[in-house]
Amino acid sequence: MKEYQIAEIVTPYSYEEEEKELKNTPQHVQYWKGKYPDAVILFRCGDFYESYCQDAQTLNKVVGVPVTRMKGKNAYNIAKFPYYALDTYLPKLIRAGKRVAICDQIEEPKKKTITETFTK
């Protein structure tokens, strides 16, 4: 069995800024981050896993996933990678000493039918 050296990555950031930024994220993110505040949470969204705020920064530093800043009134950081790369990135996060929680889709999203009615 291969031996790995565990390295903890510590990045200075303000908990106040993180808390303020987290309030701008979708509600499901706030809910799960409240339950597992010390874990990097990966959300399955279609063909991608996404992380938000400080978790996005952690993904960037540990595995090199690019971070995008969502602009506008409700700005927050987001990092995402294709679902098939999970087998590559998950071991790297674990070896870096990170707890990881995965929120996966268990059913297909319901398809909505949009009907437009035109009147004269």
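Computed from a predicted model, the values in this text were never measured in an experiment.
Side-chain contact between Val67 and Ile78: absent, with no pair of heavy atoms (C-beta onward) separated by less than 4.5 Å. Between Leu42 and Leu86, some side-chain heavy-atom pair lies under the 4.5 Å cut-off. Residues Leu93 and Val100 meet the side-chain proximity criterion, which asks for heavy atoms closer than 4.5 Å.
Not counting sequence neighbours, the partners of Tyr36 by the side-chain contact (heavy atoms from CB on, under 4.5 Å) test are Trp32, Ala39, Ile41, Arg99. When the salt bridge (charged side-chain N to carboxylate O under 4.0 Å, His left out) test is applied to Asp87, no partner is found at least two apart in sequence or on another chain. The salt bridge (charged side-chain N to carboxylate O under 4.0 Å, His left out) search around Asp47 returns none, not counting sequence neighbours. Contacts of Phe81 classified as ring pair (Phe, Tyr, Trp, His ring centres under 6.0 Å), with partners at least two apart in sequence or in another chain: Tyr49, Tyr89.
The structure places NZ of Lys35 at 10.5 Å from SG of Cys103, a figure rounded to the nearest 0.5 Å. The distance from atom OH of Tyr52 to atom CD of Gln57, rounded to the nearest 0.5 Å, is 15.0 Å.
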- prompt: Can you check side chain to side chain contact (heavy atoms under 4.5 Å, CB included) on Asn77 and Asp55, steps first, answer last?
  reply: CA-CA 9 Å; Asn77 290 330; Asp55 291 347; over 6 Å; no

field: Full working for side chain to side chain contact (heavy atoms under 4.5 Å, CB included) between Val63 and Thr58
entry: CA-CA 8 Å; Val63 297; Thr58 301; over 6 Å; no

- request: Test Ile94 against Lys98 for side chain to side chain contact (heavy atoms under 4.5 Å, CB included), laying out the working first.
  value: CA-CA 5 Å; Ile94 302 296; Lys98 303 298 178 188; over 6 Å; no

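Listed here is the closest heavy atom pair of Ala56 and Ser51: CB-O, 3.7 Å. Here the closest heavy-atom approach between residue Phe48 and residue Pro82 is recorded as CD2-N, 3.6 Å.
Looking at Arg95, its side chain never comes within 3.5 Å of a backbone N or O of Gly97 through a donor-acceptor pair.
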